[in-house]
J.: 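Here you go, one structure.
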Amino acid sequence: MSHDAVTTSPGELDLSSPGRMSPRQRANLTRGIQYGILVLVVILVAAKLDWQSFNDNFLSLEAVRKVGGRVPRALGNTLIYTLCAFILSLSLGLVLALMKLSQVTVYRWLATAYIEFFRGLPALMVVFAVGYGVPLALGVKLPNNITLKVALALGMVSAAYLAESLRAGIQAVPKGQVEAARSLGMSHGQTMVSVVIPQAIRIVLPPVTNEIILLTKDTSLCYVLGLTTAEYELAKQAREVLKEPNGGITAFFLIGACYLIITLPLGFLVRRMERSFGKAK
Amino acid sequence: MASTITGRPVVQITGLHKAFGDNHVLKGIDLTIHEREVVCVIGPSGSGKSTLLRCVNLLERPTVGSVQVLGVEMTDRDVNIDKVRTHVGMVFQQFNLFPHKTVLGNLVLAQVKVLKRSTEEATAIALRNLEQVGLAERQAAYPSQLSGGQQQRVAIARALSMDPKLMLFDEPTSALDPELVGDVLAVMRDLAQAGMTMMVVTHEMAFARDVGDRVVFMDDGMIVEDGPAAQVITNPRTERARVFLHRVLHPTEVDDAELGQTDEIRAQAHPPAQRSRGLLPGGHGDAAVGPLKHKDH
């Protein structure tokens, strides 16, 4: 090789910049200003708020006592509607995802048409359609079971979203996994069931959790089907107590908080599952 | 190892072409591999070595030509490909262990699903094979908890658990840290000595020379040389093989004046219009001939 010797000269860097703060000092100053603004806002709100009226409206123990007994049944109904809709959504979503990945062109078309159709419609319209439109138009009479109708309507909508997430998850499993399984003599189906889908589930856990949370909140749409008191879910129950003279906003928020009773543990559970998958990744 | 092989043919490839769209990767391959023979396939990147290997168990479908494995015509569209594949083990460059299964789970899965063995029988066979690659004590670990060398040995044990009659290796040590290569090669050498029929795509010239019965040198989708291992590695007949091997075996000896020489040789052999794929100049620095150390486990 005929390169010249690389010359390096040892020396010291000159970092001094007179009259300027160091990067750390500047960061501390901006953080101090942000905390100052936050404290100011809290003080202003506390001073301007009418605490008497806030207490009466938002922290009324009597209202809690009055509606408290009705909350568990509503919470239970919300849970059942969500669960049933999710089971349908997951099964149908998986079938649609596999159809979208199929070699058969007709399957791909059908799945795409389904997904585009149900993603484009407001969920409320689908609930109406399942409750009234389709039974009238086709002359079929669905059993008068509110859980079935809700699960059908919301499950069909949710399946469209879930199918896309599942498809992405299946495609995210490395091609080498399929090749390894096939080279061991496993059929396409065996490869899907034993190798691809278990790995895809780990990948799609976050978007599927999102879908469950959306479903939980969408069960509030079932009011359009006309519910008996025993069938009230949380949102309908909240609307009812708002109408009552003594219910008021306290009960309304109490019921609202019940949604968090569902979604917060769900998030916690999923984070734990993700951690336990950690080493098996 | 004996260089005169007269066993039954296990793989018979005739007139094999493979194209991906306009990209003509294999241009007429004829190759026969006999029982108990170890055939190493060497050659520059993009020469079609891996594609050739993948055509043997039909991970790639040949465009033209015939591939017979264990007497079965693989290109026949009505062949029960899954059935044939249970007799052909494959080891990949990237290991491709199933990350959601333990080491034992990786070895048991296909035995139970495909060969319909009972879980007890499959577990016993799996443990025997893990023992053979020196990893019986890691049976409960997940792949991500193993080093690359360990993962590759598990992958070999997984393939062996199906009792294959032929093993295909696709650059099995190319993704490994240099100090882990020896363990994997030792397992492969043991396998060769036990009489397994093997087709190995590799850049490990020492392995090809010491363990291989035959070495096949490929360039630009064709077999350029095919002969006894020692002869092809140490005394190649063609200029292309000579330049390639010199580059691989002496990567630090390339002179400034020589830069791009391999490209020129290629260009003369194949005018640019025919060349379908950009080829890297030079060989691979990760390979060097040296004594293949015996390792006991």
Side-chain angles (χ1 to χ4, degrees), chain A residues 1-6 90 94 97-98 101-104 165-166 168-209 270-281, chain B residues 53-54 56-60 80-102 105-116 140-146 154-155 158-164 166-168 170 175 252-257 259:
Chain A
M1 299 273 173
S2 60
H3 294 296
D4 296 329
V6 179
L90 189 63
L94 190 57
L98 292 174
L101 293 170
S102 165
Q103 310 258 350
V104 184
S165 295
L166 293 175
I170 289 171
Q171 282 180 321
V173 175
K175 206 166 147 256
Q177 290 290 310
V178 176
E179 291 183 347
R182 296 305 304 271
S183 75
L184 287 164
M186 292 169 75
S187 67
H188 176 75
Q190 287 170 331
T191 302
M192 272 293 165
V193 171
S194 303
V195 175
V196 176
I197 289 174
Q199 292 184 60
I201 284 175
R202 287 159 166 73
I203 297 169
V204 300
L205 204 56
V208 170
T209 314
V270 168
R271 278 191 297 278
R272 277 199 52 168
M273 280 168 77
E274 283 186 326
R275 265 204 303 278
S276 77
F277 285 161
K279 66 174 177 179
K281 228 162 197 169
Chain B
L53 190 81
R54 293 160 60 85
V56 173
N57 69 348
L58 227 70
L59 282 185
E60 303 291 353
N80 185 345
I81 192 69
D82 295 334
K83 192 106 187 179
V84 184
R85 281 176 178 153
T86 61
H87 300 288
V88 182
M90 178 136 183
V91 175
F92 299 86
Q93 183 178 354
Q94 299 296 338
F95 329 134
N96 294 348
L97 293 179
F98 306 133
H100 61 298
K101 299 244 174 232
T102 62
N106 266 275
L107 270 66
V108 165
L109 180 66
Q111 291 189 64
V112 172
K113 296 269 173 201
V114 181
L115 302 181
K116 308 292 175 201
Y142 282 94
S144 62
Q145 298 169 316
L146 304 178
V154 170
R158 176 175 70 179
L160 291 177
S161 295
M162 304 295 284
D163 296 325
L166 165 71
M167 283 287 285
L168 307 174
D170 189 3
T252 57
E253 287 179 17
V254 176
D255 201 68
D256 279 3
L259 290 177

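Residue numbers begin at 1 in each chain, while the letters A, B, ... track the order of the sequences.
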J.: Most heavy-atom pairs under 4.5 angstrom with chain A, which of B:Asn80, B:Val114, B:Ile81?
T.: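 The option with the most such pairs is B:Val114.
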J.: Only pairs of heavy atoms separated by less than 4.5 Å count here; which of B:Lys113, B:Met90, B:His87 has the most with chain A?
T.: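 If we count pairs closer than 4.5 Å to chain A, B:Lys113 comes out on top.
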J.: Does a side-chain heavy-atom distance below 4.5 Å link A:Pro198 with B:Phe98?
T.: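 When only atoms from C-beta onward are counted, B:Phe98 and A:Pro198 do not touch, as no gap falls below 4.5 Å.
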J.: Side chain from CB out, backbone as N, CA, C, O: work out which of these in B:Leu115 comes under 4.5 Å of a heavy atom of chain A, or both, or neither.
T.: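 For B:Leu115, no heavy atom lies under 4.5 Å from chain A.
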J.: Are any of the side-chain heavy atoms of A:Val195 and B:Leu109 separated by less than 4.5 Å?
T.: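 Answer yes - side chains close enough.
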J.: Please look at B:Arg158 and chain A and tell me whether the side chain, the backbone, both or neither of the residue comes under 4.5 angstrom of a heavy atom of that chain.
T.: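 B:Arg158 touches chain A through backbone and side-chain heavy atoms alike.
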J.: Please examine the side chains of B:Pro99 and A:Gln177, heavy atoms only from C-beta on, and report whether any two atoms are closer than 4.5 Å.
T.: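 A:Gln177 vs B:Pro99: side chains touch.
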J.: Give, for atom OG of A:Ser194 and atom NE2 of B:His100, the distance between the pair rounded to the nearest 0.5 Å.
T.: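 Going from the OG atom of A:Ser194 to the NE2 atom of B:His100 covers 7.0 Å.
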J.: With chain A as the partner, which of B:Arg85, B:Met162, B:Gln111 has the greatest number of non-hydrogen pairs under 4.5 Å?
T.: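 Max contact count across the listed options: B:Arg85.
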J.: Locate the shortest heavy-atom distance separating A:Leu184 from B:Ala110; write the atom from each residue and the value.
T.: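 Heavy atoms only, the tightest pair is CB-CB, 3.8 Å.
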J.: Using a 4.5 angstrom heavy-atom cutoff, name the option from A:Ala181, A:Ala180, A:Ser187, A:Pro174 with the most pairs to chain B.
T.: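 Winner by heavy-atom pair count: A:Ala180.
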J.: Measuring only between side-chain heavy atoms, which start at C-beta, is A:Arg182 closer than 4.5 Å to B:Asp82?
T.: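 Sidechains of B:Asp82 and A:Arg182: in contact.
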J.: For chain A, which of B:Val91, B:Val88, B:Leu97 has the most heavy-atom pairs under 4.5 Å?
T.: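 Answer, by heavy-atom pair count under 4.5 Å with chain A: B:Leu97.
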J.: Please confirm whether the backbone N or O of A:Ser183 pairs with a side-chain atom of B:Asn57, one donor and one acceptor, at under 3.5 Å?
T.: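 No.
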